[in-house]
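Quick notes on the structure that follows.
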Amino acid sequence: MTGYNSKGDVATSNGNHRNGHSNGSSSNGDRPADDLAQENQTDNGRIQCSLTPEELRALRVLNEDTYPYEVIQEIADFIVKGAGMRPKIGIICGSGLGSLADIIQDAKIFEYEKIPNFPVSTVEGHAGKLVVGHLEGAIVMAMQGRFHFYEGYPLAKCSMPVRVMKLCGVEYLFATNAAGGINPKFAVGDIMLMHDHVNMLGFAGNSPLQGPNDPRFGPRFPALVNSYNKDLINKALEIGKSMGIESNMHVGVYSCLGGPTYETIAELKALRMMGVDAVGMSTVHEVITARHCDMKVFAFSLITNKCSTEYSDKKDEEANHDEVMSVAKNRQKACCELVARLVREIHAQS
Ligand SMILES: O=P(O)(O)O[C@H]1O[C@H](CO)[C@@H](O)[C@H]1O
Ligand SMILES: Nc1nc2[nH]cnc2c(=O)[nH]1
């Protein structure tokens, strides 16, 4: 296998946020949840809202999409103090890839519910745990469960944990995901190393960096060319070769859509025309946030399903989350080995 160059051809589980608004605004404005709950109880014909005070409170927490530097610092301090160690590499586990965190040794585990000001995971295959410990000699922190836009969280909230990682001391972000393979050369179970992305949510005017910029994190207008670290891509390709999986490894372009629907055939055709190789509903906003605060990024997609651009009546050609999870489970060993060996290389160099 040849090296890679920049031309690269190669709501909550208890149902709290069921009415979540993705843009952080709500018709309820900034009024206290208790007022709203009271109004909820009055039957004056103006508001037909069946949420309990607890649900309303959770809804307000969900909609608080600004995380000031100081709040993120508090979360980071809580983790570093609780773990008794300062991680250098952050890992985000994709759907069904939670086992990437299971290989961490001497692990200190934080449930998201117990981390102050942290969102909660609501998607199957995302356990909702932060794991800090040792991997191949390095101190790492892994998110066993990420946050997606379709869960109702604003993008800034989805990628807030990346800033927590930064303030914990993390220099490298490894973002992993399950994705549909649009490139016809990709097979189910293949791994695509991301060398670029098409930010469809960005095209639609959404960014995790929307709102006032805090220069302590990074600049107002960050550049995104060379977001995906070429040295790490080349190292991963070498590791893939030594694992004997080079024919199942590709380098390509990922696109994040808002979800939670999978794509129509027309959308897939459009994405293919745009040069997209794999499609999912995550990762891009995390990468943007990581690059904004100058982290080195490595990201890969596990291809869990093929996205055919031909119309067909066959049910088994439709994407579904059970299949995504089951393919991820079958390929977890290879994904864990790739991650562990890349961590070892980074650690050996430092
Ligand atoms: O991107 P991750 O979190 O791996 O999950 C992918 O799999 C889910 C759909 O099956 C979506 O959440 C999509 O983004
Ligand atoms: N958007 C999208 N996300 C996925 N995650 C896993 N497979 C897919 C897919 O086909 N489309």
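The model shown is predicted, which means the values in this text are computed figures rather than measured ones. Counting starts at 1 for both ligands and their atoms, following the listed order.
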I need the minimum non-hydrogen distance between Met141 and Pro87, along with the two atoms involved.
SD-CG, 3.4 Å
Counting from 1, what ligand 1 atoms have a heavy atom of [X] closer than 4.0 Å?
| X | value |
| --- | --- |
| His148 | 2 (P), 3 (O), 5 (O), 12 (O), 14 (O) |
| Asn177 | 1 (O), 4 (O) |
| Gly94 | 4 (O) |
| Tyr262 | 9 (C), 10 (O) |
| Arg146 | 1 (O), 2 (P), 3 (O), 4 (O) |

Protein heavy atom at shortest distance from [atom]:
| atom | value |
| --- | --- |
| atom 12 (O) of ligand 1 | Tyr150 OH, 2.7 Å |
| atom 14 (O) of ligand 1 | Met281 N, 3.0 Å |
| atom 5 (O) of ligand 1 | Ser95 OG, 2.7 Å |
| atom 8 (C) of ligand 2 | Gly180 N, 3.4 Å |
| atom 3 (N) of ligand 2 | Gly280 CA, 3.3 Å |
| atom 5 (N) of ligand 2 | Ala178 O, 3.3 Å |
| atom 1 (O) of ligand 1 | Ser282 OG, 2.5 Å |

Is the closest side-chain heavy-atom distance between [X] and [Y] below 4.5 Å?
| X | Y | answer |
| --- | --- | --- |
| Val287 | Thr283 | yes |
| Ile115 | Glu111 | no |
| Tyr69 | Ile72 | no |
| Cys335 | Leu100 | yes |

Taking the six-membered ring of Tyr67, is NZ or CZ of Arg163 closer than 6.0 Å to its centre and within 45° of its axis?
no
With a 4.0 Å cut-off on heavy atoms, is His126 touching ligand 1?
yes
Given side chain to side chain donor-acceptor pair (under 3.5 Å), test Ser95 with Arg146 step by step and report yes or no.
CA-CA 8 Å; Ser95 282; Arg146 64 149 52 89; over 6 Å; no
Contact atoms of ligand 2, heavy-atom distance to [X] under 4.0 Å:
| X | result |
| --- | --- |
| Met281 | 1 (N), 2 (C), 3 (N) |
| Val279 | 1 (N), 2 (C), 3 (N), 4 (C), 8 (C), 9 (C), 11 (N) |
| Cys307 | 10 (O) |
| Asn305 | 6 (C), 7 (N), 8 (C), 9 (C), 10 (O) |
| Tyr262 | 2 (C), 4 (C), 8 (C), 9 (C), 10 (O), 11 (N) |
| Thr304 | 6 (C), 7 (N) |

Are the aromatic rings of Tyr112 and Phe147 close, with centres under 6.0 Å apart?
yes
Report yes if the distance between the aromatic ring centroids of His285 and Phe149 is under 6.0 Å, otherwise no.
no
Are Met194 and Val343 connected in a single hydrophobic cluster, I mean Ile/Leu/Val/Met/Phe/Trp/Tyr linked by side-chain heavy atoms less than 4.5 Å apart?
yes
Would a single hydrophobic cluster contain both Met200 and Ile265, if residues Ile, Leu, Val, Met, Phe, Trp and Tyr are joined by side-chain heavy-atom contacts under 4.5 Å?
no
Under 3.5 Å between any N/O of Thr261 and any N/O of ligand 2: does that happen in this structure?
no
Heavy-atom contact under 4.0 Å between Gly259 and ligand 2?
no
Kindly say whether Glu136 contributes a backbone atom to a donor-acceptor pair with the side chain of Arg344 at under 3.5 angstrom?
no
Counting only heavy atoms, which portion of Val324 has something under 4.0 Å from ligand 2: side chain, backbone, both, or neither?
side chain
May I ask you to check whether His321 has an N/O atom sitting below 3.5 Å from an N/O atom of ligand 1?
yes
Looking only at non-hydrogen atoms, the one of His148, Met200, Glu318, Glu263 nearest atom 1 (N) of ligand 2 is Glu263
I'd like to know if Asp277 and Lys185 make a salt bridge, using a cut-off of under 4.0 Å between side-chain N and carboxylate O.
no
Is Arg341 paired with Glu345 through a side-chain N to carboxylate O contact shorter than 4.0 Å?
no
Ligand 1-proximal atoms of Val324, by part, heavy-atom distance under 4.0 Å
side chain
Identify which one of Leu257, Val253, Thr309 satisfies the side chain to side chain contact (heavy atoms under 4.5 Å, CB included) criterion when paired with Leu271.
Leu257
